[in-house]
Amino acid sequence: MRKPGVAGLLRGLGCLVVAVLVAKLAWHSIAYPVWVPPKEPRGYALVTEGGSVVDVFLYPDRRAVIRSFSETTFGTETVLAHVGGKIEEHWFGRLWRRESFLWFTGWSWAEEGAQLARLDTEVLARVESAVLDPG
């Protein structure tokens, strides 16, 4: 009986890696986990590079209130929206792949314990206000 050589082991390992990648891609193309809203109302605040502040309040009935305030124009925009969506593809650790035009683009690192989601919004109501002369 002949012992497997190093080349045979490497070939077998390569086939295993390819099989795992194909299975992972097939799973992601079949199963799309749906985003579910929080059980209790929850708020988030984002600060942009331009000095704007965006507050997002998510409610259990898939409604969201999104409020944007600009420090430069002193303008406020508030939107009531219906949200839904899906969870992005989680590969391992902090590596995620977001939906993008080309498959090999859209890879990103998320914070530990974070879950990336792509949300679709349908605007139900919108209110804008601005101060034209803050002085």
Side-chain angles (χ1 to χ4, degrees):
M1 182 128 192
R2 191 173 152 207
K3 291 184 181 180
V6 174
L9 289 175
L10 289 176
R11 192 173 327 126
L13 183 61
C15 288
L16 180 65
V17 167
V18 168
V20 167
L21 283 175
V22 167
K24 182 81 168 159
L25 288 172
W27 173 254
H28 283 297
S29 64
I30 293 170
Y32 290 107
V34 176
W35 173 81
V36 292
K39 293 185 187 328
E40 297 290 325
R42 191 161 190 186
Y44 300 92
L46 308 165
V47 179
T48 65
E49 291 177 5
S52 298
V53 178
V54 178
D55 295 321
V56 179
F57 299 97
L58 298 173
Y59 295 95
D61 60 354
R62 294 191 178 269
R63 286 182 306 139
V65 174
I66 305 165
R67 181 184 163 270
S68 173
F69 176 74
S70 174
E71 291 282 336
T72 56
T73 63
F74 298 100
T76 301
E77 180 179 5
T78 305
V79 173
L80 173 65
H82 183 266
V83 294
K86 70 178 193 80
I87 305 295
E88 298 288 8
E89 295 178 27
H90 179 239
W91 282 71
F92 56 87
R94 295 174 45 193
L95 182 63
W96 289 76
R97 190 176 98 53
R98 298 171 308 193
E99 189 175 302
S100 62
F101 179 68
L102 298 172
W103 184 84
F104 55 86
T105 62
W107 295 93
S108 63
W109 294 99
E111 301 226 357
E112 194 66 39
Q115 195 174 44
L116 299 184
R118 177 173 297 273
L119 296 181
D120 302 315
T121 59
E122 176 189 350
V123 176
L124 303 173
R126 169 189 245 150
V127 176
E128 291 183 53
S129 65
V131 176
L132 298 178
D133 185 13

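For the single chain, residues carry numbers from 1 onward in sequence order.
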Next item on the list: Measure across Asp55 and Ala45 and return the closest heavy-atom pair with its distance rounded to 0.1 Å.
Entry: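 Reported closest heavy-atom pair: OD1-CB, 3.6 Å.
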Next item on the list: Grab the two heavy atoms, one from Pro60 and one from Pro37, that are nearest each other, plus how far apart they are.
Entry: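 It is O-CG, 3.4 Å.
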Next item on the list: Evaluate the side-chain contact (heavy atoms from CB on, under 4.5 Å) criterion for residues Thr78 and Val65: first the C-alpha distance (whole Å), next the side-chain angles of each, then the deciding distance (0.1 Å), finally the verdict.
Entry: CA-CA 7 Å; Thr78 305; Val65 174; 4.0 Å; yes
Decide whether [X] and [Y] are clustered together by the hydrophobic rule: side chain heavy atoms of Ile, Leu, Val, Met, Phe, Trp, Tyr closer than 4.5 Å, transitively.
X	Y	result
Val17	Leu95	yes
Ile66	Val83	yes
Leu124	Val127	no

Notebook entry, point to check: What do the steps show when you test Tyr44 against Leu58 for side-chain contact (heavy atoms from CB on, under 4.5 Å), and what is the final call?
Noted result: CA-CA 8 Å; Tyr44 300 92; Leu58 298 173; 3.8 Å; yes
Margin query: Distance check, rounded to the nearest 0.5 Å: Arg62 atom CZ versus Leu119 atom CG?
Written below: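 Between atom CZ of Arg62 and atom CG of Leu119 there are 9.5 Å.
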Checklist line | Value rounded to 0.5 Å, distance of OG1 in Thr121 from CG in Leu80 | finding: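 The CG atom of Leu80 is 11.0 Å from OG1 of Thr121, to the nearest 0.5 Å.
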Margin query: Quick test of your reading of the model: are Arg67 and Glu77 salt-bridged, counting only N-O distances below 4.0 Å?
Written below: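 So Arg67 does not pair with Glu77 through a salt bridge.
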